[in-house]
Amino acid sequence: MLFSCTDYVSDTNVDPDLITDSDAKNLFQGILLANQFFQTSSNTRDVMIWLNQANGENRQYVALNDWNLATASNFDDSWNNGYVNCITNAKITAIKAQNESNPRLAGAAQVIEAHCMGTITSLWGDAPYSELDVTGNNLTPKFDSQVAIYTNLQLLLDKAITNLSATTGKGIPADKDIYYSGSAAKWIKLAYSLKARYYLHVKDYPKAKANALLGINSASGDFKAIFGNSYVQNFNPYYSFLVYDRDDYMSGDSYAARLIDPTASLYRGNSKTDESARFAFTYNQEYFSPYSLNIYGGDYGGTNGKFGSDSALPMVTYGEMLLIISEVDARSSFTAGLNSYNSYRNLLNTGYSIGIDNAGYDSETFKYLPYVASDFSAGGIENNSGTTLTDQNALIREIFQEKYIYLMGNYESFSDFRRSNNAAQIQLKTGKAGTPQRFLYPQVEINANPNTPSPVPTIVTKTPVNN
């Protein structure tokens, strides 16, 4: 018999562990995790420090207390993670899912793309998007305007909702969907929630409310980053940093801590508001005095605090939707805004946002009773700070102040601060020039892409939608 010896050696140099392609199902969980890591990356800690929700205590984290000392290279990792690991692979997943006749999976991938890209444009302003090339043939895409990106994201989310509403194909794989176990209905509500958030970013308030009403409408629908108890694998990144990586770099010493500490002179509580449980859930004195961030949890021991090893971090939530509705209503009518805000406070009064099970924290007390109109009148419990506001403006300040506390650890607290020109009246760290308005374009992009805006905007330069 005749044979060729090449048959025995033809696959010798093929690495069976080097995956060169995959179907949409097996790409899906990867983009979920890439987006989760982007939304909770090291730069969220920068935002907490800038907004006086935490404090830099050692080495380069001392410099972070002054946003003007941030450097372009500080943002390299987040930029690469967002564009390469998340958006590019989300686009590929959606294309593959469509080719596999699975529109619902394509829709979920499009929602993830919109979440990541919307966060990027919020943080950086103008950014590459329309010329992103998943084949890698265009390494110097143009920078689209921030307004154009938001417009295109609304169109993408509309497509995602259409795809998620389809009844054909295998659907979203439950075993890969770490958030919603394959529920297209919950992904649709997330899509509407992102539409509401992005309409809010561009100050289209009626559309923001209309979509918030269609968005996440229960705690069970909250879109939360999920973590576990394995170092260098699935720890909550705050916990990993605060305990294992740089345990003396960052404390909770901040305006935010004093705002919810019942013993502090800045305490925002009153006869209708008891923040004891939320304060204990968020801060303690484990590492620093007077305040550390609460890192209790599965790896460390104790009842899970907000930054425990396996404590979930909210990314898009029911509470955010209620607060969007409250803000929009308050802008047009004090009475409507008060009623909407009381609906949110009724939710808080069940323990929502306090403790990982939304039922409070240990034996600490909490109380969020409904406000009445006189509480916001001059001299009322929500309008007695010395600077007299109209009842409507006092209500708007309270809503933004609540969002400042509720959205801690989430980039949306930074979005609200910039969009509203600090309507919450947050006390930033003193002696710093200007106020933080954006992330710096990363050094990797400046070096590689000649389309990067020049001169590069400074960190105190407002993005277009916030001008």
Side-chain angles (χ1 to χ4, degrees), residues 36-37 39-65 67 224-229 231 234-264 266-268 275-315 353-357 360-362 364 366 402-414 417 426-429:
Q36 172 172 298
F37 186 69
Q39 302 292 343
T40 60
S41 68
S42 61
N43 293 134
T44 57
R45 300 193 293 269
D46 299 356
V47 166
M48 285 188 67
I49 291 171
W50 296 344
L51 294 184
N52 212 353
Q53 297 165 327
N55 194 60
E57 297 287 349
N58 196 3
R59 301 190 184 186
Q60 65 264 41
Y61 263 59
V62 175
L64 286 179
N65 288 312
W67 42 87
K224 293 183 176 182
I226 306 298
F227 305 104
N229 276 311
Y231 179 56
N234 59 6
F235 271 164
N236 178 313
Y238 278 96
Y239 176 83
S240 182
F241 181 83
L242 294 167
V243 177
Y244 281 78
D245 303 330
R246 299 288 188 272
D247 63 359
D248 62 345
Y249 276 34
M250 180 178 172
S251 78
D253 190 11
S254 62
Y255 170 72
R258 291 169 175 81
L259 201 61
I260 59 174
D261 177 0
T263 69
L266 291 173
Y267 182 48
R268 72 189 293 263
E275 294 277 31
S276 300
R278 184 150 61 169
F279 171 67
F281 177 59
T282 310
Y283 297 99
N284 58 30
Q285 292 182 319
E286 183 63 37
Y287 281 100
F288 292 96
S289 179
Y291 304 108
S292 295
L293 297 168
N294 189 339
I295 46 79
Y296 291 147
D299 180 69
Y300 196 87
T303 304
N304 278 70
K306 184 176 179 68
F307 305 102
S309 60
D310 54 348
S311 297
L313 289 174
M315 295 188 289
S353 88
I354 307 171
I356 59 171
D357 58 356
Y361 188 73
D362 279 347
E364 300 290 337
F366 62 87
E402 171 59 34
K403 293 186 78 177
Y404 170 69
I405 296 300
Y406 173 65
L407 294 170
M408 188 184 307
N410 185 304
Y411 285 129
E412 281 309 289
S413 59
F414 191 37
F417 170 79
I426 300 163
Q427 295 179 17
L428 298 185
K429 295 177 171 69

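Counted by atom type alone, Tyr300 and Asn294 present zero donor-acceptor pairs between their side chains at under 3.5 Å. Under 3.5 Å, the side chains of Glu286 and Ser292 contain no donor-acceptor pair of N or O atoms. Using a 3.5 Å distance cut-off with no hydrogens or angles, the side chains of Asn304 and Ser311 do pair a donor with an acceptor.
Residues Phe227 and Thr40 are in side-chain contact: their nearest non-hydrogen atoms beyond the backbone lie under 4.5 Å apart. Between Phe417 and Leu51, some side-chain heavy-atom pair lies under the 4.5 Å cut-off. With a 4.5 Å cut-off on side-chain heavy atoms, Asn229 and Tyr239 do not count as touching. Side chains of Lys306 and Met408 form a contact here, defined as non-hydrogen atoms less than 4.5 Å apart. Looking only at side-chain heavy atoms (C-beta outward), Tyr238 and Met48 come within less than 4.5 Å of each other. In this structure the side chain of Tyr291 never reaches within 4.5 angstrom of the side chain of Asn55, judged on heavy atoms. Residues Gln427 and Leu259 form no side-chain contact, since every pair of their non-hydrogen atoms from C-beta on lies 4.5 Å or further apart.
Across all their heavy atoms, Ala312 and Ile226 have their closest contact at CB-CD1, 4.4 Å. In terms of heavy-atom proximity, Pro314 sits nearest to Lys224 at CA-CG, 3.9 Å. Between Asp357 and Gly360, the shortest heavy-atom contact is OD1-O, 4.0 Å. Pairing each heavy atom of Ser254 with each of Ala54, the nearest pair is CB-N, 3.5 Å. In this structure, Ala257 and Gly252 approach most closely via the heavy-atom pair CB-O, 3.5 Å.
One distance of note links CG of Asp253 with CG of Leu293; it measures 10.5 Å at 0.5 Å rounding. Atom-to-atom distance recorded for Gln39:CD and Met315:CE is 6.5 Å, nearest 0.5 angstrom. One distance of note links CG of Asn284 with OH of Tyr296; it measures 5.0 Å at 0.5 Å rounding. A distance of 7.5 Å separates OG in Ser413 from CD1 in Ile426, rounded to the nearest 0.5 Å. Note that CZ of Arg258 and OG1 of Thr263 are 9.5 Å apart. Values are rounded to the nearest 0.5 Å. Within the model, atoms CG of Leu242 and OG of Ser251 stand 9.5 Å from one another, a figure rounded to the nearest 0.5 Å.
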### Query
What's the verdict on side chain to side chain contact (heavy atoms under 4.5 Å, CB included) for Phe288 and Met250, showing C-alpha distance, side-chain angles and the deciding distance?
CA-CA 9 Å; Phe288 292 96; Met250 180 178 172; over 6 Å; no
### Asn410/Thr44 under side chain to side chain contact (heavy atoms under 4.5 Å, CB included): CA gap, chis, key distance, verdict
CA-CA 7 Å; Asn410 185 304; Thr44 57; over 6 Å; no
### Message
I'd like to know whether Val243 forms a side chain to side chain contact (heavy atoms under 4.5 Å, CB included) with Phe235, so could you lay out the CA-CA distance, the side-chain angles of the two residues, the decisive distance to 0.1 Å, and finally the verdict.
### Response
CA-CA 11 Å; Val243 177; Phe235 271 164; over 6 Å; no
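Using a distance-only test at 3.5 Å, with no hydrogens or angles considered, no donor-acceptor pair links the side chain of Lys403 to the main chain of Glu412. With hydrogens and angles ignored, the 3.5 Å screen pairs no side-chain donor or acceptor of Trp50 with any backbone N or O of Leu428.
Under the rule for a side chain to side chain contact (heavy atoms under 4.5 Å, CB included), the partners of Asn58 that lie at least two apart in sequence or sit in another chain are Asp248, Tyr249. Residues satisfying the side-chain hydrogen bond (donor to acceptor under 3.5 Å, both in side chains) test with Tyr244, not counting sequence neighbours, are Asp299.
Applying ring pair (Phe, Tyr, Trp, His ring centres under 6.0 Å) to Tyr361 and the options Phe281, Tyr283, Phe279 leaves one that passes, Phe281.
For CZ of Phe37, the number of neighbouring non-hydrogen atoms (other residues, nucleotides, ligands) closer than 6.0 Å is 12 at most.
Ring centers of Phe241 and Tyr61: under 6.0 Å apart, within the cut-off.
A salt bridge links Glu275 with Arg268: the distance from a Lys NZ or Arg NE/NH1/NH2 to an Asp or Glu carboxylate oxygen falls below 4.0 Å.
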